[in-house]
Amino acid sequence: MAEVPVSFSSLILIIPLFLLPLLHFIVRPKPVRIPIKNRHVFITGGSSGIGLALAHLCAKQGADVTLLARNVAKLEEAKHSIKLATGRDINIFSADVRDYGAVKRVVEEAGTIDVLVCNHGVFVPQELEEQELEEIKFMVDVNLMGTFHLIKAALPGMKKNRAGRGPGSIAIMSSQAGQVGIYGYTAYSASKFGLKGLAEALQQEIIANNIHVSLIFPPDTETPGFAEETKRRPQLTSIIAASSGAMKPEEVAKKALSGIQSGTFIVPCNFEGFLLSVATAGLSPQRSYLMAFVEVITAGVIRLAGLFFQWNWYGSIEKWYATKRIS
Ligand SMILES: NC(=O)C1=CN([C@@H]2O[C@H](COP(=O)(O)OP(=O)(O)OC[C@H]3O[C@@H](n4cnc5c(N)ncnc54)[C@H](OP(=O)(O)O)[C@@H]3O)[C@@H](O)[C@H]2O)C=CC1
Ligand SMILES: CCCCCCCCCCCCCCCC(=O)[C@@H](N)CO
């Protein structure tokens, strides 16, 4: 009996032929579109950097925007600049996300939220051994606990009033340092990695309420916060972080908004971020069967690429400590 020849090239055709329909069938949660126009978008840390750029973008697209941050002068300035640029009035509230009572009062006063963007964040890079415990706690309290406070305060209203309002979204601003640990970011990375666990579990809890979670992972972004950060960033942190190209806040805001609107769970912002999202896909939900296909097909080779990055980073660390010992 003649053997059926299964050539390499026919395998290349057969695998996608079976895999794509299978992935199309199994990816969960199912794809969704989240509108922005005429919807209430609540952005924390919206008075500066990425949050401010996102607020401008949402206002331009006809959303009712509310901002929360601490500094009143910066909030007023943001309100003024958005009015000038878009002609739209926005609401501003001053509160510290570490204060649950204050957050709850603001959320109640602001009215039902359709899209909650937890973007506030603080970053003070330093080696763990040098960093004061107080500063470590500060980052965890603002970045991680602050996000818990917001979601806990906003969720009952978002759930209760969802019927008739269309799909809702909870978007959380992480960082590429929330996908891979980086020298000088022990506390910051921990606070941002924590957000991933929160987001994955939360999505399962609120999918039945038609609320969709997006986790956004920007690289270094040229914001006022970043300008402050670079003043004291360890050299090695900058060297390793430079593996991913820097972005402007407006570019990050654009990626973030399109990720939110497509209900994408993991939202990368640049090409390195795309590689990172494939490399760290783990057991995160994936709505796109095409992205799922890329993840499945490239799993081995992307791990190899990740190992090369680590090889390069450990090389930099070795070199840096060697020159330090000489001087
Ligand atoms: N810039 C970067 O390189 C990157 C940033 N990110 C993340 O993006 C987010 C925004 O960063 P970026 O735009 O650079 O930051 P900025 O420092 O420019 O702005 C931070 C915003 O958060 C607000 N904020 C800070 N602390 C609190 C608090 N305790 N309570 C309420 N609001 C607070 C600030 O207002 P106020 O001080 O008045 O409270 C401000 O509006 C952060 O989560 C950050 O971790 C992620 C990757 C890279
Ligand atoms: C296959 C694997 C691909 C790997 C690509 C790797 C790129 C990693 C770069 C990490 C950059 C971290 C920047 C953090 C920015 C930030 O959050 C601070 N500026 C504080 O705001």
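The figures that follow rest on heavy atoms only: side chains count, while hydrogens, waters and symmetry mates do not. We count ligands from 1, going down the list as the structure has it; atoms in each ligand are counted the same way.
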Show the atoms of ligand 2 that are less than 4.0 angstrom away from any heavy atom in [X].
X	result
Leu275	3 (C)
Phe123	20 (C), 21 (O)
Ser244	7 (C), 9 (C)
Tyr188	16 (C), 17 (O), 20 (C), 21 (O)
Gly306	1 (C)
Phe226	19 (N)

Please verify whether a non-hydrogen atom of [X] lies at under 4.0 Å from ligand 1.
X	result
Ser174	yes
Lys192	yes
Gly146	no

Checklist entry - Among Leu52, Ile50, Leu54, Val115, which residue meets the side-chain contact (heavy atoms from CB on, under 4.5 Å) test with Ile43? => result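 Exactly one candidate clears the test, Leu54.
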Item to check | Gln203 and its side-chain contact (heavy atoms from CB on, under 4.5 Å) partner, picked from Ile211, Ile170, Val213 | outcome: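 The option that passes is Val213.
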Give the residue and atom name of whichever protein heavy atom lies nearest to [atom], and the separation in Å to one decimal.
atom	value
atom 30 (N) of ligand 1	Val97 N, 3.0 Å
atom 22 (O) of ligand 1	Gly45 CA, 3.2 Å
atom 47 (C) of ligand 1	Pro218 O, 3.4 Å
atom 2 (C) of ligand 2	Phe309 CD1, 4.0 Å
atom 20 (C) of ligand 1	Gly121 O, 4.0 Å
atom 26 (N) of ligand 1	Arg70 NH2, 3.3 Å

Does an N or O from [X], backbone or side chain, lie closer than 3.5 Å to an N or O of ligand 1?
X	answer
Gln176	no
Glu229	no
Ala69	no

Distance-only side-chain donor-acceptor flag, [X] / [Y], under 3.5 Å:
X	Y	value
Asn270	Ser244	yes
Asn38	His40	no
Asp220	Gln176	no
His120	Arg70	no
Arg233	Tyr185	yes
Ser9	Ser7	yes
Gln126	Arg232	yes
Ser47	Glu77	no

Next on the checklist: With side chain to side chain donor-acceptor pair (under 3.5 Å) as the criterion, how do Ser81 and His56 come out once you've worked through the C-alpha distance, each side chain's angles and the decisive distance to 0.1 Å?
Outcome noted: CA-CA 9 Å; Ser81 77; His56 270 273; 3.1 Å; yes
Under-4.0 Å heavy-atom contact with ligand 1, by part of [X] that carries it:
X	result
Ala95	backbone
Asn119	both
Glu228	neither
Lys74	side chain
Phe217	neither
Pro219	backbone

Kindly identify the option in [options] whose heavy atom sits closest to [atom].
atom	options	value
atom 15 (O) of ligand 1	Phe123, Phe226, Phe93	Phe123
atom 29 (N) of ligand 1	Ile50, Asn71, Asp96	Asp96
atom 15 (C) of ligand 2	Asp220, Leu276, Asn312	Asp220

Item to check | Heavy atoms from other residues, nucleotides or ligands near CD of Glu109 exceed 12 (cutoff 6.0 Å) | outcome: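 12 or below, so no.
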Checklist entry - Where on Lys192 is there a heavy atom closer than 4.0 Å to ligand 2, on the side chain, on the backbone, on both, or on neither? => result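 No part of Lys192 comes within reach of ligand 2.
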Checklist entry - At a non-hydrogen distance cut-off of under 4.0 Å, which region of Ile182 contacts ligand 2 (side chain, backbone, both, or neither)? => result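 Only the side chain of Ile182 comes within reach of ligand 2.
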Next on the checklist: For a salt bridge (charged side-chain N to carboxylate O under 4.0 Å, His left out) check, start with the C-alpha distance between Lys231 and Glu228, then their side-chain angles and the critical distance, and finish with the verdict.
Outcome noted: CA-CA 6 Å; Lys231 288 183 191 159; Glu228 280 306 305; 2.7 Å; yes
Purely on distance, is any nitrogen or oxygen of [X] under 3.5 Å from one on ligand 2?
X	answer
Glu272	no
Ser243	no
Ser175	yes

Checklist entry - Any side-chain heavy atom of Glu127 sitting closer than 4.5 Å to one from Tyr183? => result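 Yes - at least one pair of side-chain heavy atoms lies under 4.5 Å apart.
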Item to check | Shortest non-hydrogen contact between Ala78 and Gly46, atoms and distance | outcome: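 The pair with the smallest heavy-atom distance is CB-O, 4.2 Å.
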Of all the atoms in ligand 1, which lie at a distance below 4.0 Å from a heavy atom belonging to [X]?
X	result
Gly225	16 (P), 17 (O), 18 (O)
Pro224	18 (O)
Ser175	46 (C), 47 (C)
Gly49	13 (O), 18 (O)

Checklist entry - Does the pair Leu116 and Leu155 meet the rule for a side-chain contact (heavy atoms from CB on, under 4.5 Å), with working shown? => result CA-CA 9 Å; Leu116 173 67; Leu155 203 49; over 6 Å; no
Checklist entry - Is there a side chain to side chain donor-acceptor pair (under 3.5 Å) between Glu200 and Ser284 once you walk through the steps? => result CA-CA 7 Å; Glu200 284 190 359; Ser284 289; 2.6 Å; yes
Checklist entry - Strictly under 4.0 Å, does any heavy atom of Phe308 approach an atom of ligand 2? => result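 The answer is no, since Phe308 has no heavy atom less than 4.0 Å from ligand 2.
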Checklist entry - Can you tell me if Thr230 uses its side chain to pair, donor with acceptor, with the backbone of Phe226 under 3.5 Å? => result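 Flag set: sc Thr230 to bb Phe226 pair under 3.5 Å.
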Next on the checklist: Check the orientation of Phe123 and Tyr188. Use parallel for under 30°, tilted for 30 to 60°, and perpendicular for over 60°.
Outcome noted: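 Rings of Phe123 and Tyr188: perpendicular, over 60°.
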Item to check | Lys83/Asp89 under salt bridge (charged side-chain N to carboxylate O under 4.0 Å, His left out): CA gap, chis, key distance, verdict | outcome: CA-CA 6 Å; Lys83 175 82 180 172; Asp89 271 313; 3.4 Å; yes
